[in-house]
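Here is the structure we will look at, set down as structure tokens.
In what follows, chains are A, B, ... by sequence order, proteins preceding strands, each numbered from 1.
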Protein chains: 2
Amino acid sequence: MERGEAYPITYGILGLLAYWGPMSGYDVKHMFDHTLAAMWGAAHSQIYKELRRMKELGWVEMEREERESRPDRKVYTVTEQGLEALRKWQGQPAEIMQLRDELLLKMLFGSLGEPEDVAQNIRGAIVRHEDRLREYRANALNIPARGAFQRGGNAGEIGKRPNPYAAGDEEDVYPALIAHFGIEFEKMYLRWLHEALVVVEPKRSGD
Amino acid sequence: MERGEAYPITYGILGLLAYWGPMSGYDVKHMFDHTLAAMWGAAHSQIYKELRRMKELGWVEMEREERESRPDRKVYTVTEQGLEALRKWQGQPAEIMQLRDELLLKMLFGSLGEPEDVAQNIRGAIVRHEDRLREYRANALNIPARGAFQRGGNAGEIGKRPNPYAAGDEEDVYPALIAHFGIEFEKMYLRWLHEALVVVEPKRSGD
DNA sequence: CGGGACATGTAACGCGTTACATGATTAA
DNA sequence: TTAATCATGTAACGCGTTACATGTCCCG
């Protein structure tokens with residue numbers, strides 16, 4: 001595999017298509033927002049770019065779906081070459097992650113700012129991470145079962161075809177593992193934020 | 001503050017300079033590698049770029065230090081405007097982070113690859129995260145006390161000046177909080193990796 | 001005598017973000 | 001009538017990475 005051929009987002013889209021079946025770029029965007037947003041954000045402009053490149057690589061095929069009184073859809077289907085690329089990717093070791101959390105950076109240099117500003121930032125983070133934890137708990141990353149993806153409207157034959165890549169009835173443990181990670185991560189993050197708030201928060205005399 | 005004026009890495013460098021005193025770009029790179037690498041990687045080319053831009057913004061001043069039989073150094077010092085920018089940054093809310101961990105992406109679509117490949121990836125991640133945890137535990141992010149940064153060699157007067165921004169004897173809790181986060185994160189990550197390995201690892205009959 | 005540390009840069013390239021653009025339908 | 005949903009795109013911009021470039025000193 002040459003350098004610059006594919007990136008995590010490429011495989012993210014390819015994985016969505018392989019896992020849930022043929023979709024339009026618009027659908028991929030919605031899947032990203034509902035399943036991968038907390039892990040890997042993606043603007044629709046980026047998704048359309050990647051789909052075009054994957055078509056040039058022969059990893060997906062595109063079929064134009066014309067509809068009356070609705071904009072046309074371009075439905076993408078993973079090819080055998082695309083599946084091969086996914087398997088190859090799975091076999092390669094993943095680099096260790098970097099956190100790249102701006103809050104941690106702000107807090108590392110917290111002594112160069114006002115303590116109340118740091119405390120305010122921590123309180124904001126608590127709210128956002130509690131929201132995320134609630135989401136994770138409510139729907140376990142919103143991951144529908146393999147091949148079960150179906151979008152509203154009369155999407156024609158293509159949307160109703162069963163996913164040709166679905167592997168029968170055997171259950172898939174991986175989405176549950178990822179959801180579990182998300183929950184454990186948010187719980188740990190929140191524990192730490194509360195600890196930090198106690199340390200940082202200015203003590204008031206009348207308390 | 002206009003869009004595109006400064007980014008996390010800008011404030012990371014500015015914070016290093018404000019916290020540990022005047023440094024060259026080469027020194028900044030070393031500080032990054034020893035304190036922030038796990039959180040925010042930075043190539044030296046990027047650091048030199050940022051230092052140039054910060055000079056144009058008036059956030060730092062540059063003094064050329066000529067030395068015999070050694071390459072010249074460009075020593076950067078934070079200005080009052082730079083400190084003001086840092087304080088302003090501290091007062092602004094931080095966006096919620098995205099994980100962007102390729103291993104999680106690979107595992108989400110683990111069912112599209114070979115189970116043994118996934119297991120191998122998990123084992124590799126365990127080794128790397130154990131290393132990182134050991135590092136964190138050994139030196140708590142390698143963060144020297146405020147103003148205590150000193151590099152080898154006879155670096156001239158500049159390197160020996162006490163940090164003008166150091167705020168006396170009061171201890172700084174923030175680096176310890178960040179180090180604590182790093183340790184808790186790695187512990188949680190490792191717990192999860194071991195759980196995942198048990199689920200994923202193919203059972204052998206003779207075991 | 002080769003390799004590491006010291007020290008600073010340029011060039012190429014693309015992911016990822018933000019903004020701009022179009023235009024129909026449907027529901028409040 | 002205002003706004004959201006459906007649906008796809010282009011353009012600008014820069015962070016971040018990788019590779020290329022130069023030259024001295026010091027250690028084994």
If the threshold is 4.0 Å, N to carboxylate O, is there a salt bridge linking [X] and [Y]?
| X | Y | value |
| --- | --- | --- |
| B:R73 | B:D27 | yes |
| B:E186 | B:R128 | no |
| A:R132 | A:E135 | no |
| A:E50 | A:K55 | no |
| B:E80 | B:R87 | yes |
| A:R191 | A:E195 | no |

Spacing between [X] atom [atom1] and [N] atom [atom2], to the nearest angstrom:
| X | N | atom1 | atom2 | value |
| --- | --- | --- | --- | --- |
| B:E65 | C:dC6 | CD | P | 14 Å |
| B:R67 | C:dC6 | CZ | C1' | 8 Å |
| B:Y7 | C:dG16 | OH | P | 17 Å |
| B:L51 | C:dA7 | CG | P | 15 Å |
| A:R64 | D:dA7 | CZ | P | 13 Å |
| B:H44 | C:dT10 | NE2 | P | 10 Å |
| A:Y26 | D:dT5 | OH | P | 8 Å |
| B:I47 | D:dG16 | CD1 | P | 11 Å |

Legend entry - Neighbour count >12 (heavy atoms, 6.0 Å) for atom CD, B:E114: no

Legend entry - Trace of the side-chain contact (heavy atoms from CB on, under 4.5 Å) decision for A:K187 with A:I183: CA-CA 6 Å; A:K187 276 163 63 184; A:I183 290 167; 3.9 Å; yes

Legend entry - Side chains of A:M97 and B:E102 in contact at under 4.5 Å (non-hydrogen atoms): no

Please state whether the phosphate of [N], meaning OP1 or OP2, lies under 4.0 angstrom from any side-chain nitrogen or oxygen of [X].
| X | N | answer |
| --- | --- | --- |
| B:Y48 | C:dG9 | no |
| A:R53 | C:dC15 | yes |
| A:R52 | D:dT10 | yes |

Legend entry - Flag for A:Y189-A:D101: side-chain donor and acceptor within less than 3.5 Å: yes

Closest to the [X] side chain: [options]?
| X | options | answer |
| --- | --- | --- |
| A:W40 | D:dC6, C:dG16, D:dC15 | C:dG16 |
| A:K49 | C:dG16, D:dT10, D:dA7 | C:dG16 |
| A:Y76 | D:dG9, C:dT17, D:dC6 | D:dG9 |

Legend entry - Nearest-nucleotide 5' precedence on DNA chain C, A:P8 against B:D72: B:D72

Legend entry - DNA chain C: 5'-proximal contact among B:G25 and A:Q46 (nearest heavy atom): B:G25

Inset, instruction - Please confirm whether any donor atom in the side chain of B:S45 sits under 3.5 Å from an acceptor in the base of D:dT18, or the reverse. - result: yes

Legend entry - Degree of bending in the helix from C:dC1-D:dG28 to C:dA28-D:dT1 once both end axes are built from five pairs, to 10°: 30°

Can you check nucleotides 24-26 of chain D for protein contacts, nitrogen or oxygen pairs under 3.5 Å, and list what you find?
none

Inset, instruction - Give one of base, sugar-phosphate or nothing for B:R100, where a contact means two heavy atoms less than 4.0 Å apart. - result: sugar-phosphate

